[in-house]
Structures are given as structure tokens and as C-alpha cells.
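All chains are named by letter (A, B, ...) in the order of the sequence lines, taking the proteins before the strands, and each is independently numbered beginning at 1. Predicted model, so just to flag it, every value in this text is computed and none were measured.
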Amino acid sequence: MNRPVRVRFAPSPTGPLHIGGVRTALYNYLFARQHNGTMILRIEDTDSQRFVPGAEDYINEALAWLGIGIDEGVREGGKFGPYKQSERRDIYRKHVKQLLDAGKAYIAFDTPAELEAARNASPNFQYDASTRMSMRNSLTMPAQEVKRLIDEGTPYVVRFLIEPGRDVEVNDLIRGKVVINSSILDDKVLYKSADDLPTYHLANIVDDHLMEVTHVIRGEEWLPSAPLHVLLYEAFGWRDTMPDFVHLPLLLKPDGKGKLSKRDGDRLGFPVFPLEWHDPKSGDISSGYRESGYLPEAVVNFLALLGWNPGDDTEIMSMDELISKFSLEHCSRAGAKFAFEKGKWFNHTYLQNMDDSTLAEKFKPVLREHGIDPDKYSDEFLTKVVSLVKGRINFVNDLWDQASYFFIEPEEYEAKSVKKRWTPDMPGHMEELIKVLESIDDFSSAAAEPVVIGWIEKNNLHMGNVMNAFRLTVVGKCVGPHMFDITELLGKDETIRRIKKGINNIVPVE
RNA sequence: GGCGAUUUAGUGUAGAGGCCUAGCACGCCGCCCUCUCACGGCGGAAACUCGGGUUCGAAUCCCGAAUUCGCUACCA
């Protein structure tokens, strides 16, 4: 019973991969890698109604961006293919027949309208042992009639015949034994003749068995149907190789109640998708972590800690560290509210740990977006700029807000700072400052600073006011790194030019 | 409604009978640093859902209630 570990991530291509799905994929991946096992990506496209073009590519691209590697799948191939359920019709048909022949499933002709009527007539209606004998199915109709309807092409479904009154046990690796009585289960539809496709339950069990999956790691929403799946394994006679089940806690809305949904992202201003998604039907655009400036390593780290912890206080972990530390024992059982604020902090921390030159490279496209040609600047200059302002950014894009004045001179001056610092005597002091600066040959921060400070002190000027007025002319507002680090990078000529411009353009408030 | 799961500060979590006057992180507040804003350093407010047990002793074990979440489709 010690089979090589094989896990699968099995999304439906019904839209962009949700961040909760990403976490499920991540946990599967971590588990697989830790056990030197195999990670399978299976596309569960058994709902022809909800298929969305582009969704499958999106899944592949998102997982690749995050570094969640796939060993077997539609693109990767493998010995257990095809890995797309719509290409496995023959396999499902065969297995449906097997169940039918064994009397463990039956054919039902009830139309959606008839089922709807039954539900309306009795609010607690369930297609099960208590009702199936009053419905239109192969259990209640003569065999010839059933055959005739099928031959005529009447749409039908195959339902799983569930024996009532049995306690079905599911052993969940993070929740322990979960027992559900089979009486509360309905005769689930396993196959629909209309599109010649199975439903999730049948396809899932057949594929997991055939693909030799050893651990089913999925979201908690599947826990209630796990007993049904156990029953299906039994019906096929696969009980001895049935995989272990792991139901992960759900990702919940940060505020109110319920599962995290795509709406929450727009509502609260954070992405719920790994990559930006353009809905082909509505044309709506949903923001993605990648486009919002998150680093994939930070997203992975953040997600890993939502529902799992390493058992100690470690928070910053690389993918390799996550792989070695991951354990089902340290998975939590309760749903986790999606605390995106902490996601920002992870990104901030990863950005701080990145070398300045790497960050400078990432800054280049941002500069281009703002009409600045980064090639006009040396890498050394860009790296220095980045090193000065990186402490105050959460995203690569923030670099522009923090460093734009290194590339363009101020056109406007922040009113609040002008009011506070641009006192009537300032233009005069700035004229003097220009003279002082002109006399400095070595414009480095270390050399220029003592000269200017000395001038301020010698003349008994107000340090805060003069320095901030100086800053106002150069930066446009009173924020930013050490003043002389800025002027060192800007150079003497540019610094003096900006002071002159400030003297002419800053209009005192009141 | 039924069934299942769940429950430590605002959030994510540590804790597996005495090490808990409950730890860490994010966020929040304050102080320091300081030409500004940040960063950083230091400090602070803030939690064991409730009620019964068991025990010398319970956040940790048992029972009950409540809470929240999920499922209850010819969707996954």
C-alpha cells in the first residue's frame, strides 16, 4: 500500500483560475514535491454549458508564473492520458456500462421540467430510495420501453443507485473520520446522454483510479460528497486502492461572510486572480496579482500561509523551503479570511530582499510607461535611485511615485508644504544656498552636506525650514530620502537649476 | 429545513493538561531616529465563543448550546 505519491489539480475551464484554486494547486504541488511524487494537471471540462474559451491557457499560464510545476498534463503528456476529460468519453462510457450491468446504476428519463415539478410539489424532494420508484426510470419501466426510448434518442441520464441506511466513513487526513449516512445522499447523476459526458463525480473517481492518484487534496466544498465518492470506489471494486482524502479549509471574504468571490476583489480593491483576466463574453477585466505588481514568490509564500503554518514563527519561505516544511498536520481546519493586507507586506518584504540591480531592471518598464527612456540613464544611476527609495514601496510600480523627481523636475509644488515652509524670507535664503552650492566641488552627499549644514548654522537659519524649502524646490514636496543623497544623484547643475525654478515659480500661500 | 465541517486579539496563526500573567506576524497606536516622508529600533492596546463537567490543575479532555462556513443541480 506504499504506492508512489501521485496527486492532481483538477480545475474546470469555466473562467479564470481563482486564488483559492491556486492555493489548492500549490498544496498539491508542495505535497508532491516533498514526497518525490507526481503532480498531475487534469482539465475537468465535463460541463459543456459552462466552458469558457481561453480558461485552459489561463490555468497553464498562471501556474507557470507562480512556479507550480506540472509533471503530467495536457501539455506535458504522460502515460495516463488523455488529461482532458472531454477526450475520455470512451473510458467513461465503458465504466458507466459496468455499473449499469452490475445493477449499481440505472437509467432515468425524467426531464428537467419534471424534476423541477417534483421539487416544487415537495420541498424536501430528493431523488433517492424513497422516491425513485415513482419516477420514470429503468427501475420502474419495462425493459422494452426503456430500450425503445433510448433507440428513439430520448435524452436520459444514468443515476447511481444508493442503498439507504448505511453509515459511510471518510477518513480525511486533516479532519479525521467523517461519517455520513447514505440515506441523505441522492441518486447522483453520473452520466448525461445529451452531451455524452459524465458528471464530475463519475469522471473524477474513474480518472483518479486510472491515473493512480494516491491523495486527493481539494477544497472543503467537496467534503459532503466524499461519501458518495467512497461509495463509487466500492461500486467499482476499487476500495483497496482508494486515495486518501484531504479537504482544505476555504478562503473566505475578508469582511462579510461566505466564500471569497471574484466580486470581492473589485469591491475591496485587491486581485482575486493570479493574472489579469479579460472575460471573452462580457468584456470585463478582472485584475491579477501579476499585473498589480506582485512577485510570484511573494504570492506563493502568502498563499501557503493561509491555512497552513510551518509549526514555528518562520514566515518568509522560498518554494524549496515550503516544499521541505509542508505538512498536512499543520493545515488548519477552519476557513481563512483572505487577509490581503498581509499579502502587501509579503510583497514589500520580497522587494526589500531583492538586489538593487535586479529591482532597477524591473523599474525600466515602469519608466517607459511614464515616457522616460531608461536607456538614457546608466544602470548605476538607476540602481542608486532604487536603493534610495525601495524601503518605501510595496510594489514595483510604487517606484515611480517615490522616484519620479529623479527623472522629471517638479512642475507643481505641494500646497501644504509651500504654506508651511515657503516663508517670505525663503527666496532670499535659496539665492544664498545657490551660491553655497556653486562653491562645492565634490557634490557627493558626504562632502556637500557639511558645507550646507555649516552655512545654515553659521547664519543661524532655521534648519527645518531651510532644508524643507530646499527639498520643495528640488522634489516638489516634502518627502523622500536624505536630501543630499538626492542632490548627489541629480548633480550640481540640475540641483541649482531646480532651486532657481523654485524661486521663480513657487507662489507663497497667504 | 436537512447533513457535515468549524470556533485563540481586527486578520493569519502558535499552543496537543501544569513551561500560558497565552507566543509570533500583518494592521493599529505611541516613542526614538530625523531636514521631510518612509525604513528601522523600541514599546503599547488587543484573543482562548458560551455553559456544564473530568482533574490538585484545562486554551488544551468529555458533553451540550451557540457561531460561522460548506453542501443539499442533468455545476464543478
Side-chain angles (χ1 to χ4, degrees), chain A residues 10-14 21 44-47 49-50 108 110-112 115-116 119 123-124 126-127 155-159 170 172 175 178-181 183-186 188-195 197-201 203-204 218-227 247 249-250 252-255 257-259 302 305-316 329-330 332-346 348-349 352 389-393 402 417 420-421 449 452-453 456 462-472 475 477-484:
Chain A
S12 292
T14 54
E44 306 219 329
D45 56 344
T46 54
D47 185 356
Q49 305 296 311
R50 295 205 306 155
D110 316 275
T111 63
L115 291 171
E116 179 69 21
R119 288 190 188 103
N124 292 326
Q126 179 168 281
Y127 210 120
Y156 64 89
V157 298
V158 173
R159 284 182 181 271
V170 177
D172 183 285
R175 291 160 207 279
V178 176
V179 180
I180 293 183
N181 193 282
S183 294
I184 66 127
L185 264 21
D186 66 337
K188 272 276 174 285
V189 170
L190 301 178
Y191 169 88
K192 311 151 275 177
S193 74
D195 52 10
L197 279 169
T199 60
Y200 170 85
H201 304 288
N204 195 265
R218 66 209 330 184
E220 191 185 351
E221 69 267 31
W222 294 110
L223 191 51
S225 48
H247 292 94
L250 262 18
L252 273 18
K253 294 178 194 297
D255 55 353
K257 311 165 168 205
K259 262 204 288 191
F302 168 51
L305 255 11
L306 234 36
W308 170 82
N309 70 82
D312 57 33
D313 291 338
T314 314
E315 293 208 283
I316 300 298
E329 293 71 45
H330 278 109
S332 32
R333 285 150 308 203
K337 285 190 178 161
F338 192 75
F340 61 94
E341 277 299 330
K342 190 137 188 187
K344 279 190 201 169
W345 174 79
F346 272 104
H348 171 83
T349 303
Q352 303 318 306
V389 302
K390 70 183 232 181
R392 50 193 77 217
I393 63 165
Q402 298 301 331
S417 303
K420 185 172 180 191
R421 307 289 190 182
E449 178 171 1
V452 174
I453 299 299
I456 291 174
H462 188 285
M463 178 76 77
N465 285 347
V466 173
M467 285 303 296
N468 278 293
F470 180 19
R471 181 179 289 276
L472 195 53
V475 176
K477 51 189 171 181
C478 292
V479 297
H482 192 65
M483 195 54 207
F484 297 97

Gap in Å between the two [atom1] atoms, one belonging to [N] and one to [M], rounded:
N     : M     : atom1 : result
B:C50 : B:U6  : C1'   : 16 Å
B:G18 : B:U60 : C1'   : 11 Å
B:G27 : B:G70 : C1'   : 29 Å
B:G15 : B:G41 : C1'   : 29 Å
B:U11 : B:U49 : P     : 13 Å
B:A59 : B:U21 : P     : 9 Å
B:A76 : B:C20 : C1'   : 45 Å
B:G57 : B:G52 : P     : 15 Å

Exercise for review: Taking only the side-chain nitrogens and oxygens of A:K259, find out if one of them lies under 4.0 Å from OP1 or OP2 of B:C71.
Suggested key: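 True: A:K259 side-chain N/O within range (under 4.0 Å) of B:C71 OP1/OP2.
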
**Study point:** Side-chain N,O (A:S332) to OP1/OP2 (B:U13) below 4.0 Å
**Key:**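 Checking A:S332 against B:U13: at least one side-chain N or O falls below 4.0 Å of OP1 or OP2.
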
Please pick, from [options], the nucleotide with the shortest atom-to-atom distance to any side-chain atom of [X].
X      : options             : value
A:D47  : B:C39, B:C75, B:C71 : B:C75
A:M463 : B:C35, B:G12, B:U6  : B:C35
A:V178 : B:A5, B:U36, B:G70  : B:A5
A:K192 : B:C3, B:C69, B:C74  : B:C74
A:R159 : B:U36, B:C74, B:C75 : B:C74
A:R119 : B:U36, B:A76, B:C74 : B:C74

How is [X] classified with respect to the nucleic acid when contacts are heavy atoms under 4.0 Å: base, sugar-phosphate, or nothing?
X      : answer
A:R218 : nothing
A:R333 : sugar-phosphate
A:R175 : sugar-phosphate
A:P249 : nothing
A:H482 : base
A:N204 : nothing
A:G307 : sugar-phosphate

For nucleotides 20-28 of chain B, list the nitrogen or oxygen atoms of the protein found under 3.5 Å from its nitrogen or oxygen atoms, one pair per line.
{"residue": "B:C24", "atom": "O4'", "partner": "A:D313", "partner atom": "OD2", "Å": "3.4"}
{"residue": "B:A25", "atom": "O4'", "partner": "A:E315", "partner atom": "OE1", "Å": "3.1"}
{"residue": "B:A25", "atom": "O2'", "partner": "A:E315", "partner atom": "OE1", "Å": "2.5"}
{"residue": "B:A25", "atom": "O2'", "partner": "A:K342", "partner atom": "NZ", "Å": "2.8"}
{"residue": "B:A25", "atom": "N3", "partner": "A:K342", "partner atom": "NZ", "Å": "3.1"}

Review point. What residue among A:R175, A:R218, A:E220, A:E221 forms side chain to side chain donor-acceptor pair (under 3.5 Å) with A:H247?
Key: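 The passing option is A:R218.
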
Exercise for review: Ignoring hydrogens and angles, state whether a donor on the side chain of A:Y127 or A:D110 is under 3.5 Å from an acceptor on the partner side chain.
Suggested key: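 There is such a pair between these side chains.
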
